K.L.:
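The structure that follows is given in the form of structure tokens.
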Amino acid sequence: MSGPRSPAANAEAVAKSARIAELEQALRDAREDFDLAARVGIADAVIVVELRAMCDRHGYGNVMQSASVLWRQKLGDMAGGEFVAGPCRSTVIRRINKIDAVLRAGKR
């Protein structure tokens with residue numbers, strides 16, 4: 001049987017607990033952001049024919065990346081709010097599932 005912990009050991013345990021809480025919140029925040037990327041959107045019927053032709057000619061990723069660059073240029077000092085192409089949806093969903101598993105395991 002062990003005796004009472006020292007004040008230093010108690011402080012270390014409190015610091016570790018706070019750090020774990022911070023990490024869990026960071027995972028929740030990342031999961032929320034990933035969830036936005038996992039949603040399936042609806043194409044704008046007004047531009048879809050022209051956009052599909054452009055993507056077929058130049059590559060879908062290239063068109064998305066180029067549009068992001070143009071948006072960033074247009075925003076100027078407000079850059080950072082533009083859409084950016086990120087990981088593919090299947091990667092995002094895998095990451096969401098891993099985050100969910102870690103967060104669930106922490107609730108036990």
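For this chain, numbers begin at 1 and follow the sequence in order. Everything quoted here is computed from the prediction, not taken from an experiment.
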K.L.:
Considering non-hydrogen atoms only, spot the tightest contact between Leu103 and Glu24 and give its length.
P.N.:
CD2-O, 3.7 Å

K.L.:
Sub-3.5 Å donor-acceptor pair from the side chain of Arg89 to the main-chain atoms of Ala38, do we have one?
P.N.:
yes

K.L.:
For the CG atom of Leu51 and the CE atom of Met64, what is their distance to the nearest 0.5 Å?
P.N.:
9.5 Å

K.L.:
Given Met54, which of Val63, Val49, Ile47 fulfils the side chain to side chain contact (heavy atoms under 4.5 Å, CB included) condition?
P.N.:
Val63

K.L.:
Is the side chain of Ser66 donor-acceptor paired with the backbone N or O of Asn62 at a distance under 3.5 Å, no angle test?
P.N.:
yes

K.L.:
Under a 4.0 Å threshold between the charged nitrogen and the carboxylate oxygen, would Lys16 count as salt-bridged to Glu12?
P.N.:
yes

K.L.:
Any salt bridge between Arg52 and Asp56, counting N to O under 4.0 Å?
P.N.:
no

K.L.:
Considering non-hydrogen atoms only, spot the tightest contact between Leu27 and Ile99 and give its length.
P.N.:
O-CG2, 3.5 Å

K.L.:
Does Glu22 form a side chain to side chain contact (heavy atoms under 4.5 Å, CB included) with Gln25? I'd like the steps, not just the answer.
P.N.:
CA-CA 5 Å; Glu22 289 173 2; Gln25 186 58 51; 5.8 Å; no

K.L.:
Is it possible for you to say whether Val14 and Ile20 belong to one hydrophobic cluster, with membership spreading through side-chain heavy-atom contacts below 4.5 Å?
P.N.:
no

K.L.:
Please round to the nearest 0.5 Å and tell me the distance separating atom CG of Leu70 and atom CD of Gln65.
P.N.:
10.5 Å

K.L.:
First locate atom OG of Ser17, then atom CZ of Arg19, and finally report the distance between them rounded to the nearest 0.5 Å.
P.N.:
12.5 Å

K.L.:
Among Thr91, Asp29, Asn97, Ile96, find the residue that satisfies the side chain to side chain contact (heavy atoms under 4.5 Å, CB included) test when tested with Phe34.
P.N.:
Ile96

K.L.:
Please check if atom CD in Glu50 has more than 12 non-hydrogen atoms from other residues, nucleotides or ligands closer than 6.0 Å.
P.N.:
no

K.L.:
Measuring from Arg94:CZ to Cys88:SG, what's the distance to the nearest 0.5 Å?
P.N.:
6.5 Å

